[in-house]
Amino acid sequence: MNRRTLLLAASATLVLAGALPATAQTIPSTIDEPVTITFYNYNLGSAGLGADATRNLIDEFMAANPNVTVEGIGAAAGDFQARVQADLAAGQPVDLVQMVFSDLDFTASNFGAVALEDIVPADELDAHFEGMVPNGLDLGRLDGKTYSLAYTFSTPVLFYNADIFRAAGLDPDQPPKTWDEVLQTALAIQENTDKTGFAAGIFGPSAMDWLFQGVVRSNGGEVLSRDRTALKFAEPEAVEAVQMLRDMYDAGAFEPLDITAALEGMSAGNIGMYLQTSAIQGSLVAGAQDNFELRASTMPSFGDKPVRPNNSDSGLTILAQDPLKQRAAWELMKFLTSEHGYTIITSEIGYLPLRPAIVDDPRYLKDWVQDHPLIQPNLDQLAILEPWDSMPGPNYRQIVSLMMDAAEMAVYGGVDVEATLADAQANAQALMP
């Protein structure tokens, strides 16, 4: 099933049994009887993205909370929203879900997502949020309430092969910082070696729009107005950003590889630079070991404009309506986003820690960070992280598909960039609520 078919199928609006908005109610303070909750987690559906680490965390939580049984349910990330939607429609219990942030608006509006402020006592919520990065917490908020607590998330990282840089006559201690420098570096690699210069996870069958949003924003643009009523991906700043990618492709400096091919090529030492989520760090490190020197840098900028990276990946959202299950789900959320939880998530999966203090704490990540410098660009960008905009309304997946298909065609298809984006925006705006 291709991306367009999948996104269109997943966007169908259903009246879901048991998915009505929850009324505000404080959950019980303790779990004094056995309770079982389902945890829909897409890391469990992909061995290469932290399945073992996730299972170990769940087992550790259950050992510490003997009254709680957690049934982990895995599915591929691209199929995840449709799986949750289908199970809700079939009356299956869906209690806690790992949901990508682009699905936030739809999940809150259609799946009966529970705002933490409506069920967790304020002092308990404040105590757990203490020490978390404020702009990380903002990733899962709508209308001032937390419907999704940031869980596995990252920023765009420019991974590069230092050995290929040297073979091309480039200084690996001076990675490109701007898109113009990326272009020149990629051309130098392709002219002086038999390797691919540059690839990115912006487009392709399994790509989402988070990285595209970061590229547009870094040129001063937006894909959606701040009041969430108007699409803006055909405005001059966005057109200029897409034109830059088109110019790189036309120059032979941007290889149109899908995510799987790019990951395999980078891991095998055949690509000079790869812009992608830090979640792939573990796979790249495994491929580079004893084969080549892997390094990382921050997302490229447009000249002297500030880089505006936004997050990829997911937050944790409670869909359970039963108060006891809500308490169990909240306890699991607290455990997974604790200092210990983020130590495992960062060191064994490759995502950012929402609690930055653990980076300098020897009880948690200090020694690991010192031994793994690839995480540093990701940490550096945490302070400037911006939310991945979720499109509003029941047609949000169709809107994203129209935007991304148009941008991909504008870069690779030889069509007029401005006209292609303008036509897609007009069609997508008609689908806005």
Subject >> pair Ser267-Leu284: side-chain heavy atoms closer than 4.5 Å >> reply: yes
Subject >> Working for side-chain hydrogen bond (donor to acceptor under 3.5 Å, both in side chains), residues Glu331 and Asn65 >> reply: CA-CA 9 Å; Glu331 290 298 327; Asn65 296 270; over 6 Å; no
Original post:
Hey, are Asp103 and Tyr396 close enough side-chain-wise for a donor-acceptor pair under 3.5 Å?
Top reply: yes
**OP:** Give a yes or no on whether Asp126 atom CG has more than 12 heavy-atom contacts from other residues, nucleotides or ligands under 6.0 Å away.
**Re:** yes
Original post:
Quick one: does Thr152's side chain get under 4.5 Å of Ile345's, heavy atoms only?
Top reply: yes
Original post:
How about Leu88 and Leu319: do any of their side-chain heavy atoms sit closer than 4.5 Å?
Top reply: yes
Subject >> Side-chain heavy atoms of Tyr151 within contact of Asp313, under 4.5 Å >> reply: no
**OP:** Taking all heavy atoms of Ile349 and all of Ala53, pick out the closest pair and write down the distance.
**Re:** CG1-CB, 3.9 Å
**OP:** Kindly determine whether Asp258 and Thr260 satisfy side-chain hydrogen bond (donor to acceptor under 3.5 Å, both in side chains), including the steps that lead there.
**Re:** CA-CA 6 Å; Asp258 64 31; Thr260 300; 4.5 Å; no
Original post:
Are the charged groups of Asp389 and Arg217 less than 4.0 angstrom apart, N to O?
Top reply: yes
**OP:** Check for a donor-acceptor pair, side chain of Asn395 on one end and backbone N or O of Gln398 on the other, with a separation under 3.5 Å.
**Re:** no
**OP:** Consider only side-chain N and O atoms of Ser154 and Thr277, and report whether a donor and an acceptor are under 3.5 Å apart.
**Re:** yes
Subject >> Point-to-point distance, once rounded to the nearest 0.5 Å, from CG of Asp118 to CD1 of Ile27 >> reply: 11.5 Å
Original post:
What is the distance from atom CG of Leu245 to atom CD1 of Ile202, rounded to the nearest 0.5 Å?
Top reply: 4.5 Å
**OP:** Evaluate the side-chain proximity of Tyr160 to Ser297: yes if any heavy-atom separation is below 4.5 Å, no if none is.
**Re:** yes
Original post:
Any side-chain donor-acceptor pair under 3.5 Å between Gln184 and Asp180?
Top reply: no
Original post:
How many angstroms lie between CD1 in Ile31 and CD1 in Ile37, if you round to the nearest 0.5 Å?
Top reply: 8.0 Å
Subject >> Straight-line distance of Phe233 CZ to Glu235 CD, nearest 0.5 Å >> reply: 10.5 Å
Subject >> Side-chain (Gln321) to main-chain (Gly112) donor-acceptor, under 3.5 angstrom >> reply: yes
Original post:
Ignoring hydrogens and geometry, is there a side-chain-to-backbone donor-acceptor pair from Thr38 to Asp95 under 3.5 Å?
Top reply: yes
**OP:** Say whether, by atom type as modelled, one donor and one acceptor occur between the side chain of Asn135 and the main chain of Leu382 under 3.5 angstrom.
**Re:** yes
Original post:
Short question: side chain of Asn310, backbone of Pro387 - any donor-acceptor pair under 3.5 Å?
Top reply: no
Original post:
Would you find more than 12 non-hydrogen atoms of other residues, nucleotides or ligands less than 6.0 Å from Gln370 atom CD?
Top reply: yes
Subject >> Derivation of the side-chain contact (heavy atoms from CB on, under 4.5 Å) call for Gln276 and Met266 >> reply: CA-CA 11 Å; Gln276 183 55 291; Met266 190 72 197; over 6 Å; no
Original post:
Between Gln243 and Asp247, is any side-chain donor less than 3.5 angstrom from a side-chain acceptor?
Top reply: yes
Original post:
Taking NZ, NE, NH1 and NH2 as the nitrogens, is one of them in Lys145 or Glu117 under 4.0 Å from a carboxylate oxygen of the other?
Top reply: no
Original post:
Do Glu60 and His340 have side-chain N/O donor and acceptor atoms under 3.5 Å apart?
Top reply: yes
Original post:
With under 30° as parallel and over 60° as perpendicular, where do the rings of Trp330 and His128 fit, or are they tilted in between?
Top reply: perpendicular
**OP:** Spell out, as yes or no, whether a donor-acceptor pair under 3.5 Å connects the side chain of Gln190 to the backbone of Ala186.
**Re:** no
**OP:** Working to the nearest 0.5 Å, report the span between CG of Leu149 and OG1 of Thr317.
**Re:** 9.0 Å
Original post:
Would you say Asn110's side chain and Phe106's backbone share a donor-acceptor pair under 3.5 angstrom?
Top reply: yes
Original post:
What is the minimum heavy-atom distance between Gly315 and Phe101, and which atoms define it?
Top reply: N-CZ, 3.6 Å
**OP:** Please report the shortest heavy-atom distance between Ile119 and Gln326, naming the atom on each side.
**Re:** CG2-OE1, 3.7 Å
Subject >> Salt bridge present between Asp209 and Arg397 (N-O < 4.0 angstrom) >> reply: no
Original post:
Under 4.0 Å between a Lys/Arg side-chain N and an Asp/Glu carboxylate O for Glu237 and Arg308?
Top reply: no
Original post:
How close do Pro309 and Pro156 get, heavy atom to heavy atom, and via which atoms?
Top reply: CB-CD, 3.6 Å
Original post:
Side chains of Asn219 and Glu240: do they bring a donor and an acceptor to under 3.5 Å?
Top reply: yes
Original post:
Which atoms form the tightest heavy-atom contact between Leu183 and Ala253, and what is the distance?
Top reply: CD1-CB, 3.5 Å
Original post:
Should Leu104 and Met99 be marked as a side-chain contact (heavy atoms from CB on, under 4.5 Å) after you check the CA-CA gap, both sets of side-chain angles, and the distance that decides it?
Top reply: CA-CA 7 Å; Leu104 177 62; Met99 192 69 73; over 6 Å; no
**OP:** Could you please spell out the steps behind the salt bridge (charged side-chain N to carboxylate O under 4.0 Å, His left out) verdict for Glu293 and Arg166?
**Re:** CA-CA 11 Å; Glu293 183 183 356; Arg166 296 186 187 98; 2.7 Å; yes
**OP:** Give the intermediate values and the outcome of side-chain contact (heavy atoms from CB on, under 4.5 Å) for residues Phe198 and Leu158.
**Re:** CA-CA 10 Å; Phe198 173 77; Leu158 184 68; 4.0 Å; yes
Original post:
Between CD of Glu386 and OG1 of Thr155, what distance do you get to the nearest 0.5 Å?
Top reply: 12.0 Å
Subject >> Thr298 side chain near Val307 side chain, heavy-atom distance below 4.5 Å >> reply: no
Subject >> Min side-chain heavy-atom separation Asp105-Arg228 under 4.5 Å >> reply: yes
**OP:** Give me the ring orientation class for Phe153 and Tyr342: parallel if the planes are under 30° apart, tilted from 30 to 60°, perpendicular past 60°.
**Re:** perpendicular
**OP:** Side-chain contact test, heavy atoms from C-beta onward, threshold under 4.5 Å: evaluate it for Val215 versus Met299 and give yes or no.
**Re:** yes
**OP:** Decide, yes or no, whether a salt bridge links Arg55 with Asp59 under the criterion of side-chain N to carboxylate O below 4.0 Å.
**Re:** no
**OP:** Measure the acute angle between the ring planes of Phe61 and Phe335, then classify it against the limits of 30° and 60° as parallel, tilted or perpendicular.
**Re:** tilted
Original post:
What heavy-atom pair brings Gly74 and Leu44 nearest, and what distance separates the two atoms?
Top reply: CA-CB, 3.9 Å
Original post:
Do you know which of Trp179, Tyr412, Tyr274 makes ring-ring contact (aromatic ring centres under 6.0 Å, His included) with Phe254?
Top reply: Tyr412
Subject >> Leu187, Ile189, Thr193 screened by side chain to side chain contact (heavy atoms under 4.5 Å, CB included) with Glu191, the one that passes >> reply: Leu187
**OP:** Would you confirm whether Ser338, through its side chain, and Gly341, through its main-chain N or O, come within 3.5 Å as a donor-acceptor pair?
**Re:** yes
Original post:
Any Lys/Arg nitrogen of Glu124 or Arg327 sitting under 4.0 Å from an Asp/Glu carboxylate oxygen of the other?
Top reply: yes
**OP:** Could you tell me whether a side-chain N or O of Thr107 sits under 3.5 Å from a main-chain N or O of Phe111, the two making a donor and an acceptor?
**Re:** no
Original post:
Is there a donor-acceptor contact under 3.5 Å from the side chain of Thr146 to the main chain of Ser148?
Top reply: no
